[in-house]
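In what follows, a single structure is set out as structure tokens and then discussed.
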Amino acid sequence: MIGADGRHSVVAEAVQPAHYHERPPLLCPYYAYWTGLPMHGRFETYIRDRRGFAAVETHDGITIVMGGWPYAEFATNKDDLEASYLALFDLAPAFAARIRAATRVSKIIGMPTPNFFRTPYGPGWVLVGDAGYLKDPITAQGILDAFRDAEAVASALDDVLAGRRSFDAALGAYQRERDARVMPMYELTCQFATLEPPPPPMQMLLGAVHGNTAAMNEFCRMQAGITSPAEFFAEANVARIMSAKASPMSSAPAAATT
């Protein structure tokens, strides 16, 4: 039995696997869909004091606008969720003017998300994706993790069925490899989800990334899950980015962004 059924997995509920690396909910994320809010191919994100939101077009002229605030404010804001959600946009007046001219075509949807790993296998069952490893959606890694887990589990089970490895050996390797692969992004996601300013060393690094086209591309690749945060934040890579900041001629000028 394979549980690929998300955070409220029926399979996980039935088998009650152990949890580990647990963190409490950190962010209250919500989203809604809008029409009349063209993005012209852009993804826009706005970070303010203990607030943040982003917008990107989806399909048929519909734009998703996501935002949130710290979990500590959950009880205060849940009684008037619409007002709390709409108030986010006032923190970016130009965007607020655009969204006031748009039409919301969905309910405001969302909920705080706990952060944890589940033991992803046992006698006769396996968990993949959010069923086996859940984190805040702020880094939008869930679907990528689900595809990677599905491929890894398919390979492991093929080994089992072909008699190359035992079930415990194949799925134990899957768990170890999954945990090693996702832990750097898990830690970064939990840090981002606090909506707290990054620590000074990261602030310095991000300052050096700004305006360095190659470094910005690397950062975007990390955010997209193509490369690991462990690779981006590796000492040698950080030193290279900081060195480029000290030598302005070594990086090309960046295009203006909102």
Side-chain angles (χ1 to χ4, degrees), residues 6-9 12 19-32 43-56 64-78 81 84-92 95 108-118 127 129-149 178-207 209-210 218-233:
R7 62 180 287 172
H8 300 299
S9 169
H19 286 210
Y20 55 101
H21 298 316
E22 293 184 82
R23 305 280 183 84
L26 300 167
L27 180 66
C28 295
Y30 295 95
Y31 65 91
F43 170 79
E44 297 182 19
T45 182
Y46 299 85
I47 305 298
R48 301 294 186 265
D49 182 29
R50 299 177 65 78
R51 294 291 186 275
F53 68 90
V56 64
I64 184 171
V65 184
M66 308 149 282
W69 43 85
Y71 181 72
E73 300 180 34
F74 174 68
T76 302
N77 294 336
K78 70 176 182 178
L81 178 58
S84 298
Y85 173 77
L86 296 176
L88 292 170
F89 312 131
D90 293 334
L91 301 174
F95 185 88
I108 299 169
I109 305 162
M111 65 179 69
T113 301
N115 305 275
F116 57 78
F117 289 67
R118 285 180 174 131
L127 302 176
D130 284 354
Y133 151 60
L134 188 66
K135 61 191 173 306
D136 193 275
I138 194 169
T139 49
Q141 296 293 310
I143 191 64
L144 180 59
D145 287 335
F147 281 127
R148 285 176 172 165
D149 282 1
R178 179 201 68 172
D179 291 4
R181 182 185 71 245
V182 302
M183 182 55 74
M185 182 59 76
Y186 181 75
E187 296 287 358
L188 186 66
T189 297
C190 289
Q191 180 177 328
F192 284 172
T194 66
L195 296 182
E196 295 288 344
M202 186 181 289
Q203 292 186 38
M204 292 178 63
L205 175 61
L206 296 179
V209 168
H210 181 70
E218 290 178 35
F219 185 81
C220 288
R221 286 173 62 84
M222 177 192 71
Q223 290 288 87
I226 299 170
T227 58
S228 171
E231 181 179 340
F232 181 80
F233 292 109

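All residue numbers in this chain count up from 1 along the given sequence. Everything numeric in this text was worked out from a predicted model, so none of it was measured.
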Hey, does R178 have a side-chain heavy atom less than 4.5 Å from the side chain of Y133? yes
For Y20 and D179, what are the C-alpha separation, side-chain angles and deciding distance, and is it a side-chain hydrogen bond (donor to acceptor under 3.5 Å, both in side chains)? CA-CA 11 Å; Y20 55 101; D179 291 4; 2.6 Å; yes
With a 4.0 Å cut-off, would you call K78 and E73 a salt bridge? no
Considering only heavy atoms from C-beta outward, does the side chain of P29 approach that of M111 to under 4.5 Å? no
How many angstroms lie between atom CG of D136 and atom CZ of R23, to the nearest 0.5 angstrom? 12.0 Å
Side chain proximity check, E187 to Q191, heavy atoms < 4.5 angstrom: no
List the atom of P114, the atom of R7, and the distance in Å for their closest heavy-atom pair. CD-NH2, 3.3 Å
Backbone N or O of P24 within a donor-acceptor pair of the N115 side chain at under 3.5 Å? yes
Heavy-atom closest pair (L127 atom, S9 atom, distance to 0.1 Å) is CD2-OG, 4.1 Å
Would you indicate whether the side-chain heavy atoms of R50 and E196 approach each other to under 4.5 Å? yes
Given the rule in the ring-ring contact (aromatic ring centres under 6.0 Å, His included) test, do Y30 and W69 qualify, once you have shown the distances and angles that lead to the verdict? CA-CA 9 Å; Y30 295 95; W69 43 85; 5.5 Å; yes
Heavy-atom neighbours of M204 CE exceed 12 at 6.0 Å: no
I want to check something: taking the side chain as every heavy atom from C-beta on, are E44 and F95 in contact at a cut-off of under 4.5 Å? yes
What is the minimum heavy-atom distance between R118 and G6, and which atoms define it? NH1-O, 4.4 Å
Salt bridge or not for R51 and D90, using N-O below 4.0 Å? no
Give the ring-plane orientation class for F53 versus F89, where under 30° counts as parallel, over 60° as perpendicular and anything between as tilted. perpendicular
Over 60° means perpendicular and under 30° means parallel, so tell me whether F74 and Y71 are parallel, tilted or perpendicular. parallel
What class does the angle between the rings of Y186 and F117 fall in, given that below 30° is parallel, 30 to 60° is tilted and above 60° is perpendicular? perpendicular
To the closest 0.5 Å, what do you measure between CD (E22) and CG (L134)? 11.0 Å
Are the side chains of Q141 and L144 in touch, meaning some heavy atoms are under 4.5 Å apart? yes
Could you go step by step and tell me if T113 and L27 meet the side-chain contact (heavy atoms from CB on, under 4.5 Å) rule? CA-CA 7 Å; T113 301; L27 180 66; over 6 Å; no
Check L26 against C190 and note the closest heavy-atom contact, atom names and distance. CD1-O, 3.4 Å
Under 3.5 Å, which donor-acceptor pairs do the side chains of residues 220-233 form with other protein atoms, sequence neighbours left out?
unit_1: S228; atom_1: OG; unit_2: A230; atom_2: N; d: 3.0

Residue pair V65 / A55: nearest heavy atoms and the distance that separates them: CG2-CB, 4.0 Å
Salt bridge flag under 4.0 Å for residues K135 and D145: yes
Closest heavy-atom pair, T189 versus T139, reported as atoms and distance to 0.1 Å, is OG1-OG1, 2.7 Å
